[in-house]
Each structure stands twice: as C-alpha cells, then as structure tokens.
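Numbered from 1 within each chain, the chains take letters A, B, ... in sequence-line order. Not measured: the values here are computed from a predicted model.
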Amino acid sequence: MMCSRPNLRLLISHRHSPGDYSTTSTRLVANSGAHKLDDALQLFDEMLHKKPPPCIIKFNKIITPIVKLKHYSTALSLLKQINLTGIPTSIYTMNIFINCYCRLKQVNYSFALLATIFKLGHPPDLATYNTLINGLVLANRVFEAIELFKKLIRDKLCEPNQVMYGTVINGLCKVGHTSKALELCRFMKKGTSCEPNQVMYSTIIDSLCKDRMVDDALRLFNEMTQKGIHANVITYTSLIHGL
DNA sequence: GTAGGGTTAG
C-alpha cells in the first residue's frame, strides 16, 4: 500500500508564486519571465565587468530571482563566473550554489561544495545544512536526509529551527513515514522552542488521509484548530478526499 | 528584506 504512494508524490513540483522572489531591480518585477531573465543576465554581466566589482551581496541578490525562476543551470554558470573572476564569495553565495545542485538532483556536488565551504573558512550554517537535507529529500534519499538531521543534533552542529523541522516532516511524509512525522511534530511542541505551523499540520493530515487513517487526520485537524492554527483550502481538500 | 522548507486536486 505504501509503496505506490511515495513516487507519485515526488512528482509533485514545487510552487513559486509569481511574486515570490526578491529583486534588485524593478525591471525584474515588471516584465515577463523571459524578459526578467534577460534583464538579470544583462545586469549581471555589467556588474561582473565593473571595476571595482560590486560587493557579493549585490551578486547574491541578482542570482536569487534566477534560482526562483528555476533556471538552476544558468544560476550555476553565473556562480562559476564569480569564482573565476576572483570576487570573494560569502556563505550566502555558497548556499545558493548548493541549492542549485540540489534542485538539479546533483546532491553529490552539493556535498563536495560543503567541503569547499570548510576549506574557504566559511562555517556552514543552518541554511547550508537545511539545503542539504532538502536536497537529499528531493533526490528521494530521505533515509540519508534523516541520518544527516540526526547527526546534526547528536554532534550539536546546529540547533534545528522551524524550517529544518518542516523539511524533515515533509521528507518523512513523502516516503509514507507518517507516524514518524507525527512523532517529530509532537517532539517539536514539547522539546523545542519551535511550533508546528499550518503547512506542517496540513502535510501530516494529508499523509494520514492517504494512509486511510482519516480518524487520526480529523483528530489532528481538531488539535490544530484548537491551537488557533487555521486550516486552509489544502487542508480541507485533503480531509474531503480522505473522507 | 543577501541564503534554506512545505501541504490539495483538477
């Protein structure tokens, strides 16, 4: 029963609403996707050849919308150009880099970059580790994602936050380990300063419904409502399907 | 406001 589910659910792509990116230029907001990309590339080129070049923050800001538009290979080529030019990067740049490889399902390159980060003397941060965990989830390597998550806690490499718990809960649900996801949700409430949010509850409710455990799903729905976390159209759609 | 996550079905 559980075998047929994960693959189907992994096919679901990630959503980005049209306004879901930050830009450095209003040009990038006003135009269509293709024009936005062209404008960003042109701006990048101008910046790269400026003497002296702008600071790395400006480069990070221009690459981010390109990543949000899912032009990962393009973003990677820009990042490589920055490296070739010798402009000093930051941990933000490296995290964008890692995320691009993760999105292209090339997690091994992402981990190679982690080694580079250490060599460059940028300590990895929560976003670095979360990106890697998410990369493993995207590559259908959820077991390894969980192992990394556990190792981070065990070795006190970082203190997981709500984003990281959300990533792991999503991964667990994707492969049908709904009870583990629920356990983690309970652990968050009792053992951490993070609180499960609307999306986390909805993710687990949907997973319970797909497991045909609608009573449990309804219990969780009541729980979230009592906590003042509102269900949304997605939560209700999952419940209706389950029922 | 420099980077990282996520839920439905049609």
Counting only side-chain heavy atoms from C-beta out, which of [options] sits nearest to [X]?
{"X": "A:Y92", "options": "B:dT2, B:dG4, B:dG6", "value": "B:dT2"}
{"X": "A:I57", "options": "B:dT2, B:dG6, B:dG4", "value": "B:dT2"}
{"X": "A:N170", "options": "B:dG4, B:dT8, B:dG6", "value": "B:dG6"}
{"X": "A:V199", "options": "B:dG4, B:dT7, B:dT8", "value": "B:dT7"}

Length of the line joining [X]:[atom1] and [N]:[atom2], which is rounded to integer Å:
{"X": "A:M94", "N": "B:dA3", "atom1": "CE", "atom2": "P", "value": "16 Å"}
{"X": "A:K68", "N": "B:dT2", "atom1": "NZ", "atom2": "C1'", "value": "11 Å"}
{"X": "A:I96", "N": "B:dA3", "atom1": "CD1", "atom2": "C1'", "value": "6 Å"}
{"X": "A:K61", "N": "B:dG4", "atom1": "NZ", "atom2": "C1'", "value": "18 Å"}
{"X": "A:I82", "N": "B:dT2", "atom1": "CD1", "atom2": "C1'", "value": "12 Å"}
{"X": "A:M164", "N": "B:dG6", "atom1": "CE", "atom2": "C1'", "value": "14 Å"}
{"X": "A:I204", "N": "B:dT8", "atom1": "CD1", "atom2": "P", "value": "13 Å"}
{"X": "A:I234", "N": "B:dG10", "atom1": "CD1", "atom2": "P", "value": "14 Å"}

Phosphate contact ([N] OP1 or OP2) by [X] side-chain N/O below 4.0 Å:
{"X": "A:N134", "N": "B:dG6", "result": "yes"}
{"X": "A:N95", "N": "B:dG4", "result": "no"}
{"X": "A:T64", "N": "B:dA3", "result": "yes"}

Classify A:I56 by what it touches in the nucleic acid, base, sugar-phosphate, or nothing, heavy-atom distance under 4.0 Å.
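Nothing, no heavy atom under 4.0 Å.
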Would you mind classifying the nucleic acid contact of A:Q162 as base, sugar-phosphate or nothing, using non-hydrogen atoms under 4.0 angstrom?
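It contacts base atoms.
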Between A:D216 and A:R219, is there a side-chain N and carboxylate O pair less than 4.0 Å apart?
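Answer for the salt bridge query: yes.
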Salt bridge (Lys or Arg N to Asp or Glu O under 4.0 Å) partners of residues 153-171 of chain A, not counting sequence neighbours, each pair once:
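Sorted result for residues 153-171 of chain A: A:K151-A:D155.
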N/O donor-acceptor pair, side chain [X] with base [N], under 3.5 angstrom:
{"X": "A:N60", "N": "B:dT2", "answer": "yes"}
{"X": "A:D125", "N": "B:dG4", "answer": "no"}
{"X": "A:T203", "N": "B:dT7", "answer": "no"}

For the residue pair A:F149 and A:Y165, categorise the inter-ring angle as parallel (less than 30°), tilted (30 to 60°) or perpendicular (more than 60°).
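Judged by the thresholds at 30° and 60°, the geometry between A:F149 and A:Y165 is perpendicular.
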Do the side-chain N and O atoms of A:N99 and A:T131 include a donor-acceptor pair separated by under 3.5 angstrom?
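No, no side-chain donor-acceptor contact under 3.5 Å.
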With sequence neighbours excluded, give me every side-chain hydrogen bond (donor to acceptor under 3.5 Å, both in side chains) pair touching residues 182-196 of chain A.
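Qualifying pairs, neighbours excluded: A:R186-A:E223, A:K189-A:E223, A:E195-A:K227.
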